[in-house]
Amino acid sequence: MAQIPATSSIESVSTEKRVFAPPKAFSKTAQVKSLAEYRKLYKESITAPEKFWAKQAKQELVWSRPWKKVLEWKEPVAKWFVGGQLNVSENCLDRHLGTARANKAALIWEGEPAAEDRPGERRVLTYKQLHHEVCRFGNVLKQAGATKGDRVLIYLPMVPEAAIAMLACARIGAVHSVVFGGFSAQSVADRIFDSQAKLVITADGGFRRGAVVPLKQNVDAALELKNAQGELLTKSIEKVVVLRRAGNEINFQAGRDLWWHEEIAKASANCPAVPMDSEAPLFILYTSGSTGKPKGILHTTGGYLLYAKLTARYVFDLREEDVYWCTADIGWVTGHSYVVYGPLANGATSLMYEGAPNFPEADRFWSIVERYGVTTLYTAPTAIRAFMKWGVEWPKKHDLSSLRLLGSVGEPINPEAWIWYYETIGGKRCPIVDTWWQTETGGIMISPLPGAIPTKPGSASLPFFGIVPEVVDDAGRPVPRNSGGKLVVRKPWPGMLRGLWGDPKRYQQVYWTEVAGSYFTGDGCRQDKDGYFWIVGRIDDVLNVAGHRIGTAEVESALVSHQKVAEAAVVGRPDDLKGQALVAFVTLKSGVKVDPGLQDELRQHVAKEIGPVAKPDDIRFAEALPKTRSGKIMRRLLKQIASGAEIKGDTTTLEDLNVLAKLAAPDE
Ligand code: WTA
């Protein structure tokens, strides 16, 4: 385990003393109106958690059968609302139909403007329309052979059909596993193999910065991939449903492949929501860990939905008239909880945008905010830093006065970016919610409640109801205020992961052994004198590149699978824009010479193995990797080298890192 820095770099910019009180106008109508009210509710939620959650579950969700027991906790396995039954799609759709929300926009979607002859398409789906589409697609899924408990892999661009597919799975009780469109055929195959999915839902292609991402082609390639024993990884797949999106040419395998539009045209709109056990799996979402292949994070039905719904409403102070926009892709957990499930369970209007923030120009986001009157914007620090770099002239071209709340997620936000976001985008009137959470936590864990909790730029502030985070030392003892430590969560909560798909041992080992009796987050943290949490970032071998989690071990094994590579070590270095950048140190097999094209060849190889998101920013070739006497790669030293001056000039020479290694402590 890497050493925990005593203080965060965030703190070094002396903004900790800058405290922003919630704007008075905001507090007047907010869900929680004062710090005192937050403290009172928080206290109730942690002193009698079962009472608190039972009350919320009753108020917030529609149950087909009431639960018998609020929580059954046998560490590390939690069961919430045991014996209860409900359906997630019913809670996100049907329940709004008999109300004034029936004809309200559930999803507002804007496509990427790919070319002059193809301006951004726009679609609005009301709750009634979304319900209609979800029911019809639920029947398509059934027709294609999916039934309760089956796994369905979703590999789609950011189009309404992604949400429709997720909700249709939930409706019939199938378990979805969404794979981000930026992942490769190999990643798709690995996830199909691990989840034993029966169906794939994909599109011919998606648009990204004017180019077509050939999703169907990747699926075709995935379906051909074999393991080391020569067996197909994807034997479990029976059908592939293909959405016509980009219009690019594809191979269509009759009998296996089905067109979305043809199937849905035949499907009835009568698709009753199947009552599911509260603990029935809802989705699996793969995420990188510090070792091995990505882990299938498992979320279930009742607890997850309650947590996503409640956090969405309190943290974003959702109101009936809001136009709420979370810019995350559906392929990440933020897209699950805060584009689809959280907002829809609350009957909110959720905006989805297909493309990049700077396509065709750097004011794409601000043009969307202005045109739709977006009230709430939830995005990542990486995007904010990019906006800063592109200049204030872009947001200044637009009227952003509809905004009333801003959110940040995915990585620590540096105070400069926070202040810029606050002043330039929020016009100093919008509170900022810096929300800390993880794929594993299902929903937001630490965040200001706007209107109630004063904010400090760079701190995610205080825990949500029912959450008991603590900063501890190696022995699991709480550390004094202002000292660095490991962030753990002491008590189970409804949104927590229920395990790793098919791997209970790894679940126990990754999350529940580092600090006995607590959930270990993998993050380093510090609490200041006011109890505010300051997240330092990952302290395991997981990097956070532009808000995306990337396991160094995964990138290393992708690199060594290249025929020219002997050994590889991947570390992070600070990056102004992306938070962290990936630096790979590589040794080559004997006889292989470094040539000017090799860097690119290896980067492409990683893109093929994992996906473009994991491409190393720098690749440095070395004679040998520096190792300790016991043969361990000296990662700390590599990190220092990676963060040092950038390599200049000839990148085709081999570096002699062992000279440096000899200077470093031999027992790292
Ligand atoms: C980091 C994304 C600081 C953290 C929802 C965590 C953050 C990892 C914040 C989870 C934040 C997320 N401040 N760090 N507000 N939000 N992180 O699973 O290191 O993609 O462990 O979930 O992102 O990433 P994941």
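Atoms within each ligand, like the ligands themselves, are counted from 1 in listed order. Excluded from the calculations below are hydrogen atoms, water molecules and symmetry mates; all remaining heavy atoms, backbone and side chain alike, are included. All residue numbers refer to positions in the sequence shown, counting from 1.
- Taking the charged nitrogens against the carboxylate oxygens, Asp530 and Lys456 do have a contact shorter than 4.0 Å, which makes a salt bridge.
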CA sep, side-chain torsions, deciding dist, call: Glu411, Arg385, salt bridge (charged side-chain N to carboxylate O under 4.0 Å, His left out): CA-CA 12 Å; Glu411 50 184 317; Arg385 289 191 293 264; 2.8 Å; yes
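- When ring centroids are compared, Phe465 and Tyr314 come within the 6.0 Å threshold.
- Atoms of ligand 1 found under 4.0 Å from any heavy atom of Asn544, numbered from 1 in the order shown, are 1 (C), 23 (O).
- Applying the 4.0 Å criterion to heavy atoms of Thr334 picks out, from ligand 1, the atoms 5 (C).
- Between Glu470 and Arg490, at least one side-chain N (NZ, or NE/NH1/NH2) sits under 4.0 Å from a carboxylate O, which counts as a salt bridge.
- Contacts between Ala460 and ligand 1 below 4.0 angstrom, taking non-hydrogen atoms only, are absent altogether.
- Closest heavy-atom approach to atom 16 (N) of ligand 1 among the candidates Gly579, Gly410, Cys525: Gly410.
- Here the heavy atom of the protein found nearest to atom 10 (C) of ligand 1 is Trp437 O, 3.6 Å.
- The closest heavy-atom contact to atom 22 (O) of ligand 1, among the options Ile413, Thr287, Thr439, Val409, comes from Thr439.
- For the pair Lys578 and Asp617, the salt-bridge criterion is met [side-chain N within less than 4.0 Å of a carboxylate O].
- Taking the six-membered ring for Trp and the full ring otherwise, Trp332 and Tyr338 have centroids separated by 6.0 Å or more.
- In terms of polar-atom proximity, defined here as any N/O pair under 3.5 Å, Thr521 makes no such contact with ligand 1.
- For Trp390 and Phe387, the ring centers sit closer than 6.0 Å to each other.
- Selection from Glu411, Met445, Arg549 by nearest heavy atom to atom 11 (C) of ligand 1 gives Glu411.
- Atom 4 (C) of ligand 1 has its closest protein heavy atom at Asp523 OD2, 3.0 Å.
- Ranking the protein heavy atoms by distance from atom 3 (C) of ligand 1 puts Pro412 N, 3.1 Å first.
- Ligand-side atoms of ligand 1 in range of Thr435: 9 (C), 11 (C), 15 (N), 16 (N), range being under 4.0 angstrom from any heavy atom.
- Checked for salt-bridge contact, Lys389 and Glu416 miss the test: no charged N lies under 4.0 Å from a carboxylate O.
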